[in-house]
Amino acid sequence: MLNKLARILIGIAIVGGLLWAAYTFLPLNITGGIRQWLQETTNSESKRIADAARNTEVYTFDPITKKQIKSGITYKDLIEKNCDSVSWYVEEDGDGWTVECNGYKVTIQVDDLTTPNNSKTWTDAHLLMMCNVKKDAYGNYQMTGIRVFINDDPELSPDYVNLVIDDLLSKVNP
């Protein structure tokens, strides 16, 4: 009886070790959904925080008036309609939370700001959007600031962020 119990426990340990190794060494586009599900299942507040970021309306820059205007599209629609695999993950920081959105297999084409009549194109790229979420005076979660990374490139400047968002919006809007 004790021998059988030891075999079962060793089998469980081996299967658990294999699952842990698979989760640790597989790329984020495969494990991101699992990581999101685990976080939102075990921490209900992280789902509300991620939902605040997902459901925030995207602003676009109007070149004529030089003002930001509402696009009518949420970040969730923007990312999920442009990427094959999407995951959202929440990390607590000092003043609130940082929401990390990973989207994979996205194609982005923007005009190069430094060279006229030239454009930058990323194909099958990894799009990482990070935003800060804070609670306002009424207890509602508000998204503040957004940073965008494509593949392993450094953080995009605000001008490039606007161009990337405009390119993604052009693929969502009919």
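Only a predicted model underlies this, so the values are computations on that prediction, with no experimental measurement involved. Computed over heavy atoms, backbone and side chain alike; hydrogens, waters and symmetry mates excluded. Numbers here are sequence positions counted from 1.
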Novice: Can you get from Ile150 to Met129 by hopping between Ile, Leu, Val, Met, Phe, Trp and Tyr side chains that sit under 4.5 Å apart?
Specialist: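 In one cluster with Ile150: Met129, yes.
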Novice: Does Lys47 reach the side chain of Arg54, with side-chain heavy atoms less than 4.5 Å apart?
Specialist: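 Touching, per the 4.5 Å side-chain cut-off.
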Novice: Return the minimal non-hydrogen interatomic distance between Gly103 and Cys83, and the atom names on each side.
Specialist: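 Heavy atoms only, the tightest pair is CA-SG, 3.7 Å.
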Novice: Does a donor on one side chain and an acceptor on the other come within less than 3.5 Å for Thr98 and Asp93?
Specialist: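 Yes.
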Novice: Is there a side-chain contact between Ile165 and Val58 in this structure, where contact means two heavy atoms from C-beta onward sitting under 4.5 Å apart?
Specialist: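 Yes; the side chains approach each other to less than 4.5 Å.
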Novice: Answer with yes or no whether the hydrophobic clustering places Met130 together with Tyr89; edges join I, L, V, M, F, W, Y residues whose side-chain heavy atoms lie under 4.5 Å apart.
Specialist: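 The answer is no; the residues belong to distinct hydrophobic clusters.
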Novice: Contact between Met143 and Tyr75 at the side-chain level, heavy atoms closer than 4.5 Å - yes or no?
Specialist: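 SC-SC contact between Met143 and Tyr75 confirmed.
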Novice: Are any non-hydrogen side-chain atoms of Asn132 and Asp95 less than 4.5 angstrom apart?
Specialist: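 With C-beta onward as the side chain, the pair stays apart.
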Novice: To the nearest 0.5 Å, how far apart are CD in Glu57 and OG1 in Thr74?
Specialist: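 One gets 8.5 Å once the value is rounded to the nearest 0.5 Å.
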Novice: Which value, rounded to the nearest 0.5 Å, describes the distance between Arg147 atom CZ and Ser157 atom OG?
Specialist: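 So the gap between those two atoms works out to 14.5 Å.
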Novice: Would the distance check show the side chain of Asp84 and the main-chain N or O of Lys105 forming a donor-acceptor pair, the cut-off being under 3.5 Å?
Specialist: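 No, because the side chain of Asp84 does not come within donor-acceptor range (under 3.5 Å) of the backbone of Lys105.
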Novice: Between Lys120 and Tyr160, is NZ or CZ placed under 6.0 angstrom from the six-membered ring centre and within 45° of the ring axis?
Specialist: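 Yes, a cation-pi geometry.
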Novice: Taking the six-membered ring for Trp, are His126 and Tyr104 parallel (under 30°), tilted (30 to 60°) or perpendicular (over 60°)?
Specialist: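 Parallel: the ring planes of His126 and Tyr104 meet at under 30°.
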Novice: If you measure from NZ on Lys76 to SG on Cys101, what distance do you get to the nearest 0.5 Å?
Specialist: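 Those atoms lie 11.5 Å apart.
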Novice: If hydrophobic clusters are built from ILVMFWY residues whose side chains come within less than 4.5 Å, do Ile146 and Val99 share one?
Specialist: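 Result: yes, single cluster for both.
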Novice: Just verifying a value: how many Å separate Tyr141 OH and Arg48 CZ, rounded to the nearest 0.5 Å?
Specialist: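 Answer rounded to 0.5 Å: 5.0 Å.
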Novice: Quick one: does Thr60's side chain get under 4.5 Å of Ile69's, heavy atoms only?
Specialist: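 They are in contact (side-chain heavy atoms under 4.5 Å apart), so the answer is yes.
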Novice: With side chains defined as the heavy atoms from C-beta onward, is the minimum distance between Glu91 and Trp97 less than 4.5 Å?
Specialist: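 Counting from C-beta outward, Glu91 and Trp97 never come under 4.5 Å.
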Novice: Would you mind reporting whether Val106 and Trp122 have side-chain heavy atoms less than 4.5 Å apart?
Specialist: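 A side-chain contact is absent here, since even the closest heavy-atom pair is not under 4.5 Å.
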Novice: NZ/Lys171 to CG/Asn82 distance, rounded to the nearest 0.5 angstrom?
Specialist: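 If we round to the nearest 0.5 Å, Lys171:NZ and Asn82:CG are 6.0 Å apart.
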Novice: Is there side-chain contact between Val148 and Leu127, with at least one heavy-atom pair below 4.5 Å?
Specialist: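 Side-chain contact under 4.5 Å: yes.
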Novice: Pairs under 3.5 angstrom only: tabulate donor-acceptor contacts from the side chains of residues 3-15 to other protein residues two or more places apart or in another chain.
Specialist:
none

Novice: Check whether Asn55 reaches the backbone of Asp51 with its side chain - one donor and one acceptor, N or O, closer than 3.5 Å.
Specialist: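 Flag set: sc Asn55 to bb Asp51 pair under 3.5 Å.
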Novice: With distance as the sole criterion, is a donor-acceptor pair present between the side chains of Glu100 and Asn102 under 3.5 Å?
Specialist: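 On atom types as modelled, these side chains qualify, holding a pair under 3.5 Å.
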Novice: Could you state the interatomic distance from CG (Leu78) to CG (Leu168), rounded to the nearest 0.5 Å?
Specialist: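 So the CG of Leu78 and the CG of Leu168 are separated by 5.0 Å.
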Novice: Check for me, please, whether Phe149 and Ile79 land in the same ILVMFWY cluster - side-chain distances under 4.5 Å, paths through other members count.
Specialist: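 No, Phe149 does not connect to Ile79 through the hydrophobic network.
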Novice: Quick one: do Val133 and Val161 end up in the same hydrophobic cluster if we chain Ile, Leu, Val, Met, Phe, Trp and Tyr together by side-chain heavy atoms under 4.5 Å apart?
Specialist: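 Result: yes, single cluster for both.
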Novice: How far apart are the closest heavy atoms of Ile108 and Asp167, and which atoms are they?
Specialist: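 Nearest pair, atom of Ile108 first, then Asp167: CA-OD2, 3.4 Å.
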